[in-house]
Amino acid sequence: MKPVSEILIELYRTMLRIRRFEERVVALYPEQQMKTPVHLCLGQEAIPAGVCIHLGREDQIFSTHRSHGHCIAKGMSLKSIAMELYGRETGCCRGRGGSMHLADPEQGIPGSTAIVGGSIPLAVGAALSAKMQDNGRASVAFFGDGASEEGSFHESLNFAALHHLPVLFVCENNQYATSSRLAARQPDTGIAAKGAGYGIPSRELDGNDVLAVYRAAGEALGRARAGKGPTLLECRTWRWMGHVGPTCDVENGCRPRDMHEEWLSRCPLEQLRIRLPESGALSPDFLESTELAVCLEIDSAFNTARHSPDPDPSQILRYVDGRG
Amino acid sequence: MKPVSEILIELYRTMLRIRRFEERVVALYPEQQMKTPVHLCLGQEAIPAGVCIHLGREDQIFSTHRSHGHCIAKGMSLKSIAMELYGRETGCCRGRGGSMHLADPEQGIPGSTAIVGGSIPLAVGAALSAKMQDNGRASVAFFGDGASEEGSFHESLNFAALHHLPVLFVCENNQYATSSRLAARQPDTGIAAKGAGYGIPSRELDGNDVLAVYRAAGEALGRARAGKGPTLLECRTWRWMGHVGPTCDVENGCRPRDMHEEWLSRCPLEQLRIRLPESGALSPDFLESTELAVCLEIDSAFNTARHSPDPDPSQILRYVDGRG
Amino acid sequence: MPWTGIQADGRRDCEVYGADGEAGRQLTYRDAIREALDQALGMDPRVFLIGEGIDDPGGVFGSTLGLAEKYGSLRVMDMPLAENGLTGVAAGAAMTGMRPVLIHMRVDFLPMAMDQIVNHVAKWRYMTGGKVSVPLTIRAITGRGWGSAAQHSQSLHALFAHIPGLTVVMPASPRDAKGLLMGCIASGEPSLVIEHRWLYDLKEVVPEEPFLVPPGVGLIRREGTDVTLVGVSHAVYDLLLAAEQLATEGISAEVLDLRSVRPLDEALIISSVRKTGRMVVMDTGWKRCGISAEVAAVVSESAHDALRAPFRRICIAECPAPASAVLEDAYYPGCADVVACVKGLL
Amino acid sequence: MPWTGIQADGRRDCEVYGADGEAGRQLTYRDAIREALDQALGMDPRVFLIGEGIDDPGGVFGSTLGLAEKYGSLRVMDMPLAENGLTGVAAGAAMTGMRPVLIHMRVDFLPMAMDQIVNHVAKWRYMTGGKVSVPLTIRAITGRGWGSAAQHSQSLHALFAHIPGLTVVMPASPRDAKGLLMGCIASGEPSLVIEHRWLYDLKEVVPEEPFLVPPGVGLIRREGTDVTLVGVSHAVYDLLLAAEQLATEGISAEVLDLRSVRPLDEALIISSVRKTGRMVVMDTGWKRCGISAEVAAVVSESAHDALRAPFRRICIAECPAPASAVLEDAYYPGCADVVACVKGLL
Ligand SMILES: Cc1ncc(C[n+]2csc(CCOP(=O)(O)OP(=O)(O)O)c2C)c(N)n1
Ligand SMILES: Cc1ncc(C[n+]2csc(CCOP(=O)(O)OP(=O)(O)O)c2C)c(N)n1
Ligand SMILES: [Mg+2]
Ligand SMILES: [Mg+2]
């Protein structure tokens, strides 16, 4: 076990890297050099940070259209993400995927899907693979509240529970699917309530409290690796920006202002900083030097991205299959 | 409210009509005149009988590949079913559908689907229709334990619960999907356990006890018509024959003999007869005259079917759409 | 029935695409769709709309704006993310007296509902010997560009054109967007309306009163004698640009807009190729087993003797849509490709 | 890698269908499939099988019999009724080191999994810039007859042949059933093997050792000079019968077995039609946007000048499969239809 202070530092640094990365996307997007629809996870940083800290490189995650945070937390280089957003040949998917399809198999990220619900069975498959290869790996399915309405969610829970697969289902319940609120799509039982029907240990928790996520995910992944099967975590959270793009959607009436402000006041980074002054881990010095380091890393990532080469159009048919 | 004796008589007569109809299919099938895959519901008669007694003609049911019992209980004429099994132009679907696609909109049966899980959302749609038309109708989705594994089950429960639709989900849990036992497909939580995740009142019950089905369905449909939303009933039962065709599958090792015999001893008709001698409703006279009447009805249905005309092959493209 | 007696637009002859010359009220493609939905809702109590985010401030790229306010949330209904189940729900409602219009923001979500569309909706009338029909209309929009990438820019009409029992239309102009949508709803047949996001801002004169364009009837968008250019949806636009350019070089191209890919207006294709002797088909989708292949087969079966040059297809590249803008440029063919292709034939 | 070094069966030349003359061990189509699975499981620890009822006494029409006993229930795995989810599960396993073979008793269940197949499996390699492949093989069987009806006898290969990124093969003989299945598993590409229930009892000499038939290579089943008959799967059988009958009347028909509908062996089609000048395609599926349309387009593009008679297609009737036996007879074309069609061309 790592000492608590190291854990706190790692959690904070991961959240900060996600936060500053997304902010940079917001800042640069109007230049229209990133020609890809960005679904930002500003405000939701605690979830990928709290979950992925428990994962080794060999563990597998599957992500969604809102993929930046998961991939950063799992260890992808900011540079290879930024280059992908710029559509470069040097991007993590050689410019073929864009923002919604980040992948890096070397970091245990087989990929991201923009089809809602698609990530869930894929992660179960990675867990089946781990069980068959008996290699001690776990896998994580990240998905939203909307995805929990898809049939694939039910089919995946059933199969994972049946075979006690080492998979963690992480529902990032930001209470909206595009502009559609939860209550227009689901009865008022909560998403974690679904787990019991499959005998899957399930919990609803504050997704803006990185320590709550950290603890619940740690427990769940411990169980998964011990052969005790899947867990479902419903992490309540809120996205700070609109569904897609670099602006907020509250102005134009997509989500209520009062809820938005209430949730803004619960910033995951600030909460960690404020609630844990006594630990001493997050000292002003640490905060300052981390800000600087992250800022430099992001500068470099986006500068490189900006100046990297585009794919060669004559190669458009490459990578369709292994034959070409 | 009908007097109890009338209810008992109706339940018994319905079960008997299903039983004798299916037995006649078994007897005649080897003649190879019914060129259609038959999925018999012998042993499962209590469920359609106990549910459909609460339905008026205008209420809608959707059925599956194992459709004979549902359609008989809902009021379809045995003749039009038999004619369809013989592939006749005079069959309920003009010989286009066969055993797995029985339909009779006049009797509130828009149809049956052989795609497992397909009946469930269709019935929810009929309930939505009833709500929109505010016509007081209810609808019933019949489906098997296997169907409860399909994503459509989850999607349907969610939507029906969200909109408080007047639909009854009737899972006929005969513990097998083809030759695959429940434990190879689902964790050991029961299917009724799924309902709670959507706030849907749900019960597991003895599907061979027609009075238990009768009571539970009555309550559920009362709630549905009162605008209180859906109910899920998991009716435990057992099929006496193989998955498809007129023979049993126990000989060839598809299902265990001991369970089979145990369930054979729990014949829904016998149970009703034996457990209720005191009511006097099911008197020996009644039983005898009912047997006779049902036998004559079935004779006539199959005789007519045998001698009815086949479709005209030149009309093969008719009914694809309303244009032709 | 509210639909009987509505004017059917029987035109199959030449009509200038997006003509400003024509008198009358102009509407965008987007507003033409919205007007069709509005009139259908207003006229027929059996009609209701259902779709993800249908009532939100975006209103499905503007095509449903204001309708939830006007008709209420039961007739203009948001839905959970459950495409297959909700297609079944809509189908069940259609079988029992309603006329739902189910709306998807992207064609790419239709594969999720393929079981209900292919196995149920398309076959139900036949399976029941004509006794139960499924008057369900499904709208879905093809996306393109800005890195929409592999899962957000498909144009899968060929998959549905293959299936007996379905109607599949692809309006290329505002007038057709209204007329075909109303035509589908009125038809009582299970129908797919595949729209194109890049046409949404296009303007044209559109009749104000309800009118029906019957599925299955193509249109000559421009008359010509040297070559027949066949297209659907956004491709029609590229073909018309190409025809104009070719005209400056003395080549007379006839442009056909299929409008429906099922039923297919075979007679129109055949009569045009009999006139010109050359044929190029442009599609917004892939080549293999696509609608361009079907047109080739129709010609080869019924006008083989008339074809005086090799048949040509101009389709998107035979790969998933790439994200990078430079690859997108290579992915989508355009007017220049058509011009080059036609010159190669003459 | 266990698959390298396995003999590839490169034949493209004439070979008599189901010849008894050839020396060697004969196997049924069913047993050839089972042998391919057995050898794949035995040779490559990454291979596992998953399917509904795969380990039951029926053993997927006999094609998996005994394998669960031999390899255990983790490598030959029953599954819940959840086709889309389980396709995703198999795909996820394939992306992370396994080589799953997912088995469906009917092609009709594939539409349920269309989202995973079309949106995920087919596109994953491209979307990840070639970094993550999906070596998933899916077997599905086309049913026919005895009132299987609309939802249990489809032959939907055209839907998948339309999609870049997928391999779709349709073995017509026992040798190919083994060779193509092993060829797909070995290829590491997402592949669909569409089998035909009516071929299961067919016997042929099949090599005992593992061998690979590479997807994308068609076969001349019979040489001829007057007309080219092109088919897949069970249609090849009808075409060979027709060719025999035509031979007695002095007409020499060449019969091509496409074997793969994606990739498509265009060169084989073109060279044959260049020789014969006439072409008839027979398919087990529907006409519109089907593989028969694609063959027409290929010929019309690349051998237009060679075609001396109208192109002809012989497909199932353009409607869902009816249940009644008399309608089934009318639904499926046969040898007599081919003979009549060819005579009409000469
Ligand atoms: C199957 C499918 N249906 C619809 C969409 C369109 N869509 C993209 S993201 C999204 C909202 C998803 O909501 P949720 O799962 O809660 O994730 P969030 O965006 O809130 O993170 C929708 C509807 C899609 N991509 N895929
Ligand atoms: C989507 C789909 N998958 C598989 C099948 C093949 N199949 C037909 S019936 C059946 C078993 C269904 O089991 P269950 O739902 O329990 O109904 P039961 O037959 O036991 O009444 C299966 C697997 C099918 N028809 N549809
Ligand atoms: Mg959300
Ligand atoms: Mg069952």
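Lettering follows sequence order; numbering is per chain, from 1. Since the structure is predicted, the reported quantities are computational estimates derived from the model, not experimental observations.
Using a 4.5 Å cut-off between heavy atoms, B:E89 makes no contact with chain D at all. For D:S148, the part sitting under 4.5 Å from any heavy atom of chain B is the backbone (N, CA, C, O) and nothing else. With a 4.5 angstrom heavy-atom cutoff, B:D312 touches chain D only via backbone atoms. Neither the backbone nor the side chain of B:Q186 comes within contact range of chain D; no heavy atoms are under 4.5 Å apart. Contacts between B:S99 and chain D at a heavy-atom distance below 4.5 Å are absent for every atom of the residue. D:M112 touches chain B through its side chain: at least one heavy atom from C-beta onward sits under 4.5 Å away, while N, CA, C and O do not. With a 4.5 angstrom heavy-atom cutoff, B:H101 touches chain D only via side-chain atoms. Proximity to chain B (any heavy atom under 4.5 Å) is shown, for D:Y331, by both the backbone and the side chain. Contact annotation for D:E328: neither backbone nor side-chain heavy atoms come within less than 4.5 Å of a heavy atom of chain B. For B:M34, the part lying under 4.5 angstrom from a heavy atom of chain D is the backbone only. If you measure heavy-atom distances from B:A114 to chain D, the contacts under 4.5 Å come from both the backbone and the side chain.
The distance between the ring centers of D:Y237 and D:H234 falls below 6.0 angstrom. Taking the six-membered ring for Trp, D:H152 and D:F109 have ring centres closer than 6.0 Å. B:H243 and B:H65 have their aromatic ring centers within a separation under 6.0 angstrom. The aromatic ring centroids of B:F143 and B:F153 lie less than 6.0 Å from each other. Taking the ring centroids of D:Y29 and D:H196, they lie at or beyond the 6.0 Å cut-off.
Taking a cutoff of 4.0 Å between a charged side-chain nitrogen and a carboxylate oxygen, B:R88 and B:D310 qualify as a salt bridge.
If you tally non-hydrogen atom pairs under 4.5 Å between each of D:M79, D:E83, D:M77, D:E52 and chain B, the highest count goes to D:E83. Comparing B:G253, B:G95, B:G97 by how many heavy-atom pairs each has under 4.5 Å with chain D, the most go to B:G95. Among B:P313, B:S314, B:A184, B:P37, the residue with the largest count of heavy-atom pairs under 4.5 Å with chain D is B:P37. Ranked by heavy-atom pairs under 4.5 Å with chain D, the list B:S148, B:A147, B:C254, B:G117 is led by B:C254.
Residue B:F21 is tested with B:L40, B:V26, B:I72, B:L42 for a side chain to side chain contact (heavy atoms under 4.5 Å, CB included); the sole match is B:I72.
In this structure, B:K74 contributes its side chain and B:Q107 its backbone to a donor-acceptor pair below 3.5 Å.
Other residues, nucleotides and ligands contribute over 12 non-hydrogen atoms within 6.0 Å of the CD atom of B:E23.
In this structure, D:R144 is positioned above the aromatic face of D:Y332, its NZ or CZ under 6.0 Å from the six-membered ring centre and within 45° of the axis.
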